[in-house]
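Contents: one structure, followed by commentary.
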Number of protein chains: 2
Amino acid sequence: MNYSKQREKILDVLSNNAVHPTAETLLELLKSENANIGFTTLYRNLNKLAQAGIIKKIDGLESSAHFDHNTFEHYHFICEECGKVFDIPANVAPDLVKNTQSATGFDIAGHDIVFHGICIECKQKKGQ
Amino acid sequence: MNYSKQREKILDVLSNNAVHPTAETLLELLKSENANIGFTTLYRNLNKLAQAGIIKKIDGLESSAHFDHNTFEHYHFICEECGKVFDIPANVAPDLVKNTQSATGFDIAGHDIVFHGICIECKQKKGQ
DNA sequence: AGATAAAATGATAATAGTTATCACTTTAGG
DNA sequence: CCTAAAGTGATAACTATTATCATTTTATCT
């Protein structure tokens with residue numbers, strides 16, 4: 001990765017001024033510091049920095065929502081290889097809501113866990 | 001909520017044929033059963049059913065990604081009132097990855113937990 | 001330094017997923 | 001069986017993001 005003025009500025013704003021900003025918020029922040037960076041450049045750098053592990057991208061991993069007839073509490077796993085979504089039983093995270101509630105004092109209305117990785121089937125295919 | 005042929009069919013396909021489909025997949029499934037339902041109607045009904053708690057919508061809660069300079073493992077809470085994103089320490093879910101790995105056999109590359117609800121500040125404002 | 005190849009920029013256009021609009025149709029209760 | 005409320009679906013709009021590509025910047029190699 002080569003140096004660039006723009007990327008340095010983005011990282012600077014991200015680490016000093018901003019709390020979990022969206023790309024749009026970052027653009028505004030940059031503008032307010034007289035660093036007019038094109039949104040293409042911003043997105044490109046955010047993705048690059050996230051891939052390099054320098055920043056973290058928080059999203060649901062996928063652009064389109066999935067719908068589920070099972071309203072039972074359970075979580076999800078998205079296979080990076082085949083794209084399939086698997087159910088994960090809720091008991092992998094006992095006391096999660098209770099712990100979080102007492103750690104924060106927030107009222108928790110709901111939560112989602114999305115894992116990603118390689119499912120068993122794809123793992124075996126790759127192994128061969 | 002009034003009855004509608006289309007909604008019945010959507011629910012039917014969702015509960016019998018489909019595993020975590022996206023709206024697009026549902027459209028195809030419906031088409032293949034000769035139920036040509038407009039995508040506007042599909043989206044409207046999916047959202048309505050999800051709001052009524054009859055089905056579940058799996059997504060990251062928000063359409064735009066957030067970026068985070070803190071690459072430490074931690075989770076997130078989105079306040080439904082003010083929209084702010086808060087950090088949640090990772091220790092609310094001890095052994096989560098280990099538990100999930102042994103429950104499924106999948107290779108887990110990463111995961112995200114997103115809570116939603118009302119943050120302390122908004123809770124107090126509402127209380128007054 | 002000067003040449004040059006690789007990487008980065010940013011304006012523009014494109015894409016994907018979803019929601020808004022609105023004239024028309026269906027449903028349900030008096 | 002009439003009417004108000006709810007639902008439909010074609011079209012257009014919108015939002016967040018990625019692709020394209022000519023131009024500029026950076027790093028490397030004499």
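The structure presented is a predicted model; accordingly, all values stated were derived computationally and were not measured. All chains are named by letter (A, B, ...) in the order of the sequence lines, taking the proteins before the strands, and each is independently numbered beginning at 1.
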**Request:** Tell me which of B/F39 and A/G38 sits closer to the 5' end of DNA chain C, going by the nucleotide each one is nearest to.
**Result:** A/G38
**Item:** Non-hydrogen side-chain atoms of B/I37 and B/L26 separated by less than 4.5 Å
**Value:** no
**Request:** Give a yes/no answer on whether the side chain of A/Q6 brings an N or O atom under 4.0 Å of OP1 or OP2 in D/dT25.
**Result:** no
**Length of the CG-P vector between A/L27 and D/dT17, whole Å** = 11 Å
**Message:** Whether A/K48 contacts C/dA8 is assessed here as follows: a side-chain N or O lying under 4.0 Å from the phosphate OP1 or OP2. Is that the case?
**Reply:** yes
**Message:** What I'd like to find out is whether the side chain of B/F86 reaches to under 4.5 Å of the side chain of B/F115, using heavy atoms alone.
**Reply:** no
**Request:** Return the value, rounded to whole Å, for the distance between atom CD of B/E8 and atom P of D/dT8.
**Result:** 12 Å
**Asked** Atom CZ of A/R44 and atom C1' of C/dT12: how far apart are they, to the nearest Å?
**Response** 13 Å
**Message:** To check you understand the geometry: which heavy-atom pair defines the closest contact between B/C119 and B/C79, and what is its length?
**Reply:** N-SG, 3.4 Å
**Request:** Please state whether the phosphate of C/dT9, meaning OP1 or OP2, lies under 4.0 angstrom from any side-chain nitrogen or oxygen of A/N45.
**Result:** yes
**Message:** For D/dT18 and A/Y43 - does any side-chain N or O of the residue sit under 4.0 Å from the phosphate oxygens OP1/OP2?
**Reply:** no
**Message:** Testing the 3.5 Å rule here: is there a donor-acceptor pair between the side chains of A/D12 and A/N16?
**Reply:** yes
**Asked** Atom NZ of B/K5 and atom C1' of D/dA6: how far apart are they, to the nearest Å?
**Response** 16 Å
**Request:** Grab the CG-C1' distance between B/N2 and C/dT27 for me, whole Å please.
**Result:** 5 Å
**Message:** Nearest whole Å is fine: how far is D/dT8 P from B/K9 NZ?
**Reply:** 15 Å
**Prompt:** Base, sugar-phosphate alone, or nothing: which one does A/R7 contact when heavy atoms must sit under 4.0 Å apart?
**Reply:** sugar-phosphate
**Message:** Measure CG/B/L46 against C1'/C/dG17 and give the value in whole Å, please.
**Reply:** 13 Å
**Asked** Is B/Y3 touching bases, backbone alone, or none of the nucleic acid, heavy atoms closer than 4.0 Å?
**Response** sugar-phosphate
**Prompt:** Taking for each residue the nucleotide of DNA chain D bearing the nearest heavy atom, is the 5' side occupied by B/M1 or by A/N47?
**Reply:** B/M1
**Asked** About how many Å separate CG of A/L30 and CG of A/L42, when rounded to the nearest 0.5 Å?
**Response** 6.5 Å
**Request:** Check whether any side-chain nitrogen or oxygen of A/S4 sits under 4.0 Å from OP1 or OP2 of C/dT9, and answer yes or no.
**Result:** yes
**Request:** Look at all strands and tell whether B/T41 reaches a base, only sugar-phosphate, or nothing, counting heavy atoms closer than 4.0 Å.
**Result:** base
**Request:** Send over the distance from B/E24 CD to C/dT15 P, rounded to a whole Å.
**Result:** 15 Å
